[in-house]
Each structure stands twice: as C-alpha cells, then as structure tokens.
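When reading the values below, keep in mind they use all heavy atoms of this one structure, side chains included, and skip hydrogens, waters and symmetry mates.
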Amino acid sequence: MAGGFFLFSAVDTVAKFLTESLDPIQIAWSRQLGLVLGVLVLLALRGPGLLRTAHPWLQIGRGALAAASATLFIVAVAFVPLADAVAVSFVAPFMVTVMGALLLREHVGPRRWTAIAIGFVGMLIVIRPGLGVFHPAMSLVLVAASCFALRQIISRRLSGSDRTETTVAYTALVAILLLSLPLPFVWQTPTWGLEMLLLASIALMAAAAETMIIKSLELAEAVVLAPVHYSLLIWGTMYGWLVFGQLPDGWTWFGALIIVATGAYTLHRERVVKAASKPTR
C-alpha cells in the first residue's frame with residue numbers, strides 16, 4: 001500500500017509537470033493506458049467471463065467517476081501546489097463516511113460526525129476562502145475527492161457480488177473509453193524524448209501502483225491499510241519541493257494536521273465499530 005501511494009504521488013508530480021505542454025485529458029488518458037494494457041492481457045488469458053457482472057451500470061458509473069476524478073485533479077494541480085491539493089483531497093475519507101450513511105444507511109455515531117466536522121474545518125484552514133489565498137482550482141480538488149469517495153461507495157456495493165478483477169477491468173475500460181471521446185480535440189503529439197518518456201512512465205507507474213494497492217487489499221483489511229493513505233502528504237510535499245520548489249505554508253501544515261488526525265480517528269472508530277459488530281462464539 002505504501003509503495004502504491006509513493007508511485008501515485010510520482011504520477012501526480014509528472015502529470016503536473018506535463019500540464020505545461022499537454023492537455024489534462026491527454027495526460028489522464030495516458031495515465032489509464034498501462035492499466036488498460038494489463039486488463040487486455042487478463043481478458044486474453046481468462047476470456048470475456050472476466051466482464052461478467054451483476055451490476056453493469058454501477059460498474060460503468062465507477063469507471064466514469066475514475067475518469068472524472070483523475071482529470072479534475074490533474075487540471076487542479078496545474079494551478080496549485082501539489083502538497084496543498086493532496087491535503088485537500090484527504091477530505092475523501094470523510095465523504096466516504098457521509099455517503100455511506102446517506103446512501104448505504106451505515107450507522108455513524110456522534111464521535112465520527114464530530115471528527116468529520118473538525119476535518120472539514122481543517123480543510124477550510126488549508127484553502128482559506130475569503131482570505132485572498134483561495135484558488136478556484138481547489139474547488140476541482142473537492143469535486144475530484146467527491147468522485148473518489150463515490151467510487152469507494154460503489155466498490156462497497158459491488159464487493160458482495162463482483163470479483164475485484166472484474167471491477168478493475170470495468171474501471172479501466174470505461175475510463176479510457178470516455179477519455180478517448182474528447183481526445184482527438186485536445187491531442188498534441190508529444191515530442192520524442194522527454195515528453196514520450198514521461199507519458200510512458202505515467203502509464204507504467206499508475207498500473208504498478210493500482211496493482212500494488214489491489215494486492216494489499218487482498219492481504220489485509222481496508223481499515224488497517226487506510227491510514228497509509230496519508231503518506232501521500234509526505235510524498236507530495238517532497239516531490240513539490242524537489243521538482244517545483246514549492247513548500248506548504250504554516251497554515252496549510254496546520255490544516256493538514258487537523259485533517260490527518262481526524263481522519264485517522266474516523267478510521268479507528270470504523271475499525272472499533274466493525275470489530276464490535278462481529279459475532280462472538
């Protein structure tokens with residue numbers, strides 16, 4: 001899980017660099033390419049039965065959300081520091097809890113609702129609307145985080161009926177199909193050398209990261225692994241400083257710390273609730 005997020009942060013860094021010369025849709029399309037090639041290999045080995053699903057529309061919707069979240073985040077990081085965008089994206093776990101309560105009727109106790117409220121205060125500290133530091137691109141990060149959270153809710157709904165590889169296959173194929181529709185209108189032929197190398201690296205690193213995270217979820221429970229998600233802030237800050245010379249200011253660190261602390265508490269409470277709900281012998 002840690003290795004996967006390290007690679008995903010590298011993908012975001014390369015994507016931010018490429019937005020100076022290429023359209024975000026083209027970059028997002030390239031990001032999906034490595035995973036799609038892996039899915040095509042799986043289809044060749046296992047046949048079309050890999051795509052058998054009990055909920056085709058949910059699978060298609062999840063793929064559409066994957067395309068939207070990736071594209072919106074890439075657009076956003078073209079305008080704002082990478083670490084700031086990553087910090088704001090950490091509201092996604094809170095959104096998963098809220099959507100789980102609203103859409104799946106999952107019980108959320110007062111302590112988790114309090115943690116969610118404090119986490120959103122932390123997010124407001126990071127973006128500081130009305131104080132002259134808010135960039136409109138941050139709103140795209142929030143929409144991207146919402147799309148990501150809704151993907152997680154759909155994953156929970158699908159986990160009882162569809163195999164993981166089926167969900168991955170639909171996500172990859174639907175996302176690249178949707179991103180291919182506007183691609184001819186924004187395509188810019190990359191120059192041989194650096195741009196081609198960076199686009200290829202995005203595809204390979206994203207595919208490797210996705211595979212590592214899926215494998216980690218097969219080996220351990222999601223609630224155990226979820227705190228590792230916050231390592232993205234470390235990598236995002238490191239890459240932002242090394243590549244772009246950008247470091248978060250004190251208020252961003254303060255807000256990010258609140259988000260991470262309340263997010264970790266929310267995950268802890270979910271683990272406690274799940275453990276309490278398991279039948280005893």
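If you take CG on Leu18 and CD on Gln188, they are separated by 11.0 Å, rounding to the nearest 0.5 Å. Distance CD1/Ile27 to NZ/Lys16: 11.0 Å, rounded to 0.5 Å. We find the CG-OG distance between Leu22 and Ser30 to be 7.5 Å, quoted to the nearest 0.5 Å. The line from CD1 of Ile25 to CZ of Phe185 is 10.5 Å long, rounded to the nearest 0.5 Å. Atom OH of residue Tyr170 and atom CG of residue Leu158 lie 10.5 Å apart, to the nearest 0.5 angstrom.
Phe79 places none of its side-chain heavy atoms less than 4.5 Å from the side chain of Thr19. Counting heavy atoms from C-beta on, the side chains of Leu173 and Leu51 come closer than 4.5 Å. For the pair Thr237/Trp253, a side-chain contact is recorded, criterion being any heavy-atom separation below 4.5 Å from C-beta on. Val243 is not listed as a side-chain neighbour of Leu82, based on a closest heavy-atom distance of 4.5 Å or more. Using a 4.5 Å heavy-atom cutoff, the side chains of Leu33 and Trp29 are in contact. A heavy-atom distance below 4.5 Å is found between the side chains of Met205 and Val14.
Every residue two or more places apart in sequence or in another chain that forms a ring pair (Phe, Tyr, Trp, His ring centres under 6.0 Å) with Tyr239 is listed here: Phe6.
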List the atom pairs, with distances to 0.1 Å, where a side-chain N or O of residues 55-69 and a protein N or O form a donor-acceptor pair under 3.5 Å, not counting sequence neighbours.
unit_1 : atom_1 : unit_2 : atom_2 : d
Gln59  : NE2    : Asp162 : OD2    : 2.8
Gln59  : NE2    : Thr167 : OG1    : 3.2
Arg62  : NE     : Ser155 : OG     : 2.8
Arg62  : NH1    : Thr171 : OG1    : 2.6
Arg62  : NH2    : Ser155 : OG     : 3.1
Ser69  : OG     : Leu65  : O      : 3.1
Ser69  : OG     : Ala66  : O      : 3.2

Which side-chain N or O atoms in residues 36-47 pair as donor and acceptor under 3.5 Å with protein atoms at least two apart or in another chain?
unit_1 : atom_1 : unit_2 : atom_2 : d
Arg46  : NH1    : Glu165 : OE2    : 3.0

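Nearest heavy atoms, Pro24 versus Thr71: CB-O, 4.5 Å. Closest non-hydrogen pair, Met138 versus Ala85, comes out as CE-N, 3.9 Å. Here the shortest heavy-atom pairing between Arg163 and Gly49 reads NH2-O, 3.4 Å. Residues Gly4 and Met212 come closest through the heavy atom pair N-CE, 3.8 Å.
More than 12 heavy atoms of other residues, nucleotides or ligands shown are found within 6.0 angstrom of CZ on Phe8. Heavy atoms of other residues, nucleotides or ligands lying less than 6.0 angstrom from CZ of Arg52 number 12 at most.
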